[in-house]
Amino acid sequence: MSAPASRPASAPVRVPAGTTAGAAVREAGLPTTGPSAVVVVRDADGKLRDLAWAPDSDAEVEAVAADTDEGRSVIRHSAAHVLAQAVQQVRPEAKLGIGPPITDGFYYDFDVDQPFTPDDLSKLESSMKKIIKAGQRFSRRRFDSHDDARKELADEPYKLELIDIKGAPGEDPGDEIVEVDASGELTIYDNVHAHTGETVWSDLCRGPHVPTTRFIPAFKLMRTAAAYWRGDEKNPQLQRIYGTAWESQEALDAHLQRLAEAERRDHRRLGAELDLFSFPEEIGSGLAVFHPKGGVIRKELEDYSRRRHEEAGYEFVNTPHITKGQLFETSGHLSWYREGMYPGMHLDEELNADGTVRKPGQDYFLKPMNCPMHNLIFRSRGRSYRELPLRMFEFGSVYRYEKSGVVHGLTRVRGMTQDDAHIYCTEEQMQGEIRSLLQFVLDLLSDYGLDDFYLELSTRDPEKSIGSDEAGSARRTRCARRPRLRPGPGARPGRRRLLRPEDQRAGQGRDRAQLADVHHPGRPDAPGPVRARVHRGGRVAPAAGHDPPGAVRLHRAVLRRAHRALRGGLPGVARPGAGRGHPGHRRAGALRRGRARQLKAHGIRVEVDASDDRMQKKIRNHTMQKVPFMVLVGGRDAEAGAVSFRFRDGTQRNGVPVADAVAAVADWIGSRTNTSPTADSFAPAP
RNA sequence: GCCGGUGUAGCUCAGUGGUAGAGCAACCGCCUUGUAAGCGGUAGGUCGUCGGUUCGAUCCCGACCUCCGGCUCCA
């Protein structure tokens, strides 16, 4: 889903004082039309400038072509202006919000009386095409003062707000607001008629822009949506239009092609097509049932996970799905996570005849997290430091109340089963535990076919987190990639999110696996005191002071949800129906059943397709079901004591002796390869 | 939660103010098959749910529910 790679930077261009960058670019013989047309330049300070920019003194600039990330952003931003102009033509009452370029496109927010309809979109596209064809020039104009700007934009309340934000000392509007920036300048872009020189439309904007609207070679409006002004639901809701724009029609087509491909690989679509899981309306939004084939996948993933955890020294625990509220009072969940929890059930209350309460009841809650329960196990008796590290693992089902508008396939659900673990250790053991845990998680993810991901290290937010900085002072852990420091989001009160792998194939980064949180003793929800000693100089020595130091708890979940493994096909560890036998000829019937039995004897899941469909039909069916090994037994194979393989990519391997075939399939599965076998990659021993 | 869209057979979708159709799947036959759809037939729907308008509603109106997209481009 990534955009085509950027072209390398071109040689510097010299812009003589008083002349425009555009003239210098033309002078240098760089393209001014086509996909590689130069759309802006970058000055010596790294700032992007319009081609109409004329420096006061000679300047060295770098040309930025349309088919680069930056070039596309400029095109998209300019397309957003064209969209806004088109909207205000049709709806003069529309007030402008913001209109930035984004990954693969742009959007613009409008305050309008009536939301846009799909019909409006196609009309707006036509209007935009007219504007683009007219070749309006983007002309930069600088306001002399904020008051001038306010006067000119008196009818645009949201723009006025942006001016005020800019005016406020010490307030950085942030990169995402392209209308204004932190510099001293406040600028507006006029769209100037190509022939009359008349300004037809203007928008507050820091720029830069393409020279004329003709430099927007290909665009498409994608969808409408509502968006709160500045992302805050307390603010008015604006109507947003999303679009995409590219340096050429071909690039646009390729992008649409990628979107279609992504849709085909959507786990929700796979879930339905391959009969893996569904979300019955009768059960409720965000609550999945797994069908037999989906169940096989889960079972394989879970069996494998359990085995690996066992080898890595984890112990298995089990906890209930529901608990009295007190547990989550102690943990703090009910104070800061309440809106993410299902409301409590008030139980066991008894009333007197007169209606007064004789026995007060209790509130029970579905658990949104497993940690407090694991803590109770930890605390169930006095713990010795000799027991540490204590690693508890559970496939724990948790229930979270997600707002109705956000549930989404298996990625945002109201009930799910986590591969959840907590490691209780001393502060001294923590570093080593984090190190081994990280390696363990990376290995496991890799076995699931997730080997391309992003790690980040979230640091403590001093305002939100509680407790001292020491135990958790995040230790950077070396791994496949250097973790990126990122303050903030790890900062839910009292917890610290250390690392999370990010699956690149997740697309919009919507999907994140929480990998490790550190919980410091001293928190009310901390694991509790432990008779621990600290290690000094390799020797175990009594902890200083009278207070037991307590255990530190590491928290981690690897897969979190089964869908992660479903993305982009199925991992080799968990394909339903590893092979399908196919009787090529009726006489081969007994034979194929016998061969299926041989495969089953090796623990391979085999189904025999005994339907009387033509072979082409069977191949088509099973290919669409993504069966990795299709085993065909026809008359020729039967006579030769062999079988034939057909793979998902259409390649085949015919006449393989039965014993070799069985061994080769067993080998393949044992190797935990995550790609689909092909005639090339699957090589039975001769 | 909010905004918009959507809901017709198991699936993908047509369609109409006078209680519905196709393809695939299923089932039953015929064909006896060598690498991505053989042929014929049968059956299958409270047109998301509940209300309203109407002589009559799947269609028009309202509410609710489901699902899809989005709610500072961000990992």
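Please read these numbers as outputs of a predicted model, since none were measured by experiment.
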Return no unless some side-chain N or O of Tyr228(A) is found under 4.0 Å from OP1 or OP2 of rC3(B). no
For rG70(B) and His408(A) - does any side-chain N or O of the residue sit under 4.0 Å from the phosphate oxygens OP1/OP2? no
Using the C1' atom in both, what is the distance from rC47(B) to rG41(B), to the nearest Å? 26 Å
Watson-Crick or G-U wobble mate for rG51(B), both contacts under 3.5 Å: rC61(B)
So what does Thr117(A) touch, heavy atoms closer than 4.0 Å: a base, only the sugar-phosphate, or nothing? nothing
What nucleic acid atoms does Tyr401(A) come within less than 4.0 Å of, heavy atoms only: base, sugar-phosphate, or nothing? sugar-phosphate
Donor-acceptor pair (no angle test) under 3.5 Å: Arg614(A) side chain, rC31(B) base: yes
Have a look at Arg223(A) and say if it touches a base, only the backbone sugar-phosphate, or nothing, with a 4.0 Å heavy-atom cut-off. sugar-phosphate
In Watson-Crick or G-U wobble terms, both distances under 3.5 Å, what is the partner of rG40(B)? rC28(B)
Heavy atoms under 4.0 Å, any strand shown: does Arg268(A) hit a base, just sugar-phosphate, or nothing? sugar-phosphate
Answer yes if the ring centres of Phe106(A) and Phe219(A) are under 6.0 angstrom apart, and no otherwise. no
Applying a 4.0 Å non-hydrogen cut-off, can you work out what Gly655(A) is touching in the nucleic acid: base, sugar-phosphate, or nothing? nothing
